[in-house]
**Student:** 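Before we start, here is the structure in question, set down as structure tokens.
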Amino acid sequence: MSLTTTPPPADLATDPTTDAATDTGSQHIRDKLRDAIVERRLAPGTKLSETDVGELFNVSRTLVRAALQALSYEGLVNVEKNRGAFVAHPSIDEARQIFATRRLIEPGVVRSAASHIGKDEIAELRRMLAAERQLTEQRGQPARRAEIKASGDFHLALADLSGNAILRRFMDELIARSSLVIALYGQSTVSSCGHNEHDEIVNALERGDIDTAARLMVHHIDHIEADLDLRVHKSTDLKAALEL
């Protein structure tokens, strides 16, 4: 007795192109949401309804769910059971840990990048800084958001120059989470990054003074964190809070 297997209908068979399209669609949503979070167009604590996001992108909730899950792995979104997804709201302890990690990692990024930097790379970094400087001279929220992104892009460009793809992905997460912290706790425009300090780092790299470049990076990160209000504020009663 022979056994024959009937192939599944076409609509039930696994279609690699469909899987690829699903991955691409989810990635697109993830990238758009990520940009909005990093550029502070979506504030910490904002609810990200699967239905609302799906309607905006004209896609299924399945795609939205995959995108939100990917963002949760990066620490940019919190997914809470029976409540939904929210833009992450990092605590004061998390904020301190993020900058402590940057102080450990970014001097190494500078040293790794230094071994791959030549005249062309220095010229490209200076082009980025010139664009960043122009943004600091503009006014309004769109310019401010663009400046924040340009500041983070400088740090990521150094990670690119390191030639270490894993380090680059790690830095991507660190910079994104730093933007969330700055959105919550930043007190002035210097929180995004002082472009003068970026200039000093590039100058040191151009001179081949790697120790100074690494030291300047730590100072720069210290400066960003110093502008954050990371004090623990005690709760007070309503009357006192309203100064009545």
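Counting from 1, the numbers follow the sequence of the chain as shown.
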**Student:** Please state whether the rings of His220 and His155 are parallel, tilted or perpendicular, taking 30° and 60° as the class boundaries.
**Tutor:**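 Taking His155 first and then His220, their aromatic rings lie parallel (interplane angle under 30°).
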
**Student:** Look at Glu94 together with Arg177 and state whether they make a salt bridge at an N to O cut-off of under 4.0 Å.
**Tutor:**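 Looking at Arg177 together with Glu94, the answer is yes, because their closest N to O distance falls below 4.0 Å.
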
**Student:** Under the rule for ring pair (Phe, Tyr, Trp, His ring centres under 6.0 Å), what residues qualify as partners of Phe170, not counting sequence neighbours?
**Tutor:**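 Phe170 satisfies ring pair (Phe, Tyr, Trp, His ring centres under 6.0 Å) with no residue once adjacent residues are dropped.
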
**Student:** Given Asp31 and Gln27, is the side chain to side chain donor-acceptor pair (under 3.5 Å) satisfied, shown in steps?
**Tutor:** CA-CA 6 Å; Asp31 288 346; Gln27 182 70 28; 3.0 Å; yes

**Student:** Test Glu132 against every option in Arg127, Lys149, His198 by the side chain to side chain contact (heavy atoms under 4.5 Å, CB included) rule and name the one that passes.
**Tutor:**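 Exactly one candidate clears the test, His198.
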
**Student:** Less than 4.5 Å apart, any side-chain heavy atom of Met217 and any of Arg103?
**Tutor:**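 SC-SC contact between Met217 and Arg103 ruled out.
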
**Student:** Indicate yes or no: does Glu200 engage Arg215 in a salt bridge with an N to O separation below 4.0 Å.
**Tutor:**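 Between Arg215 and Glu200 there is no salt bridge, as every charged N stays at least 4.0 Å from the carboxylate O atoms.
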
**Student:** Can a donor-acceptor pair be found, under 3.5 Å and without considering hydrogens, that links the side chain of Ser26 to the backbone of Ala67?
**Tutor:**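 A pair under 3.5 Å: yes.
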
**Student:** I'd like to check Phe154 versus Leu125 (side-chain heavy atoms, cut-off strictly below 4.5 Å). Are they in contact?
**Tutor:**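 Contact flag for Phe154/Leu125 side chains = yes.
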
**Student:** Rounded to the nearest 0.5 Å, what separates atom CG in Asp199 from atom CZ in Arg133?
**Tutor:**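 One finds 4.5 Å between CG of Asp199 and CZ of Arg133.
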
**Student:** Would a distance-only check, ignoring hydrogens and angles, find a side-chain to backbone donor-acceptor pair under 3.5 Å from Thr46 to Ala43?
**Tutor:**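 At least one qualifying donor-acceptor pair exists.
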
**Student:** Any chain of hydrophobic side-chain contacts (each under 4.5 Å) joining Val53 to Val38?
**Tutor:**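 No; tracing contacts between hydrophobic side chains, which count when under 4.5 Å, never links both residues.
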
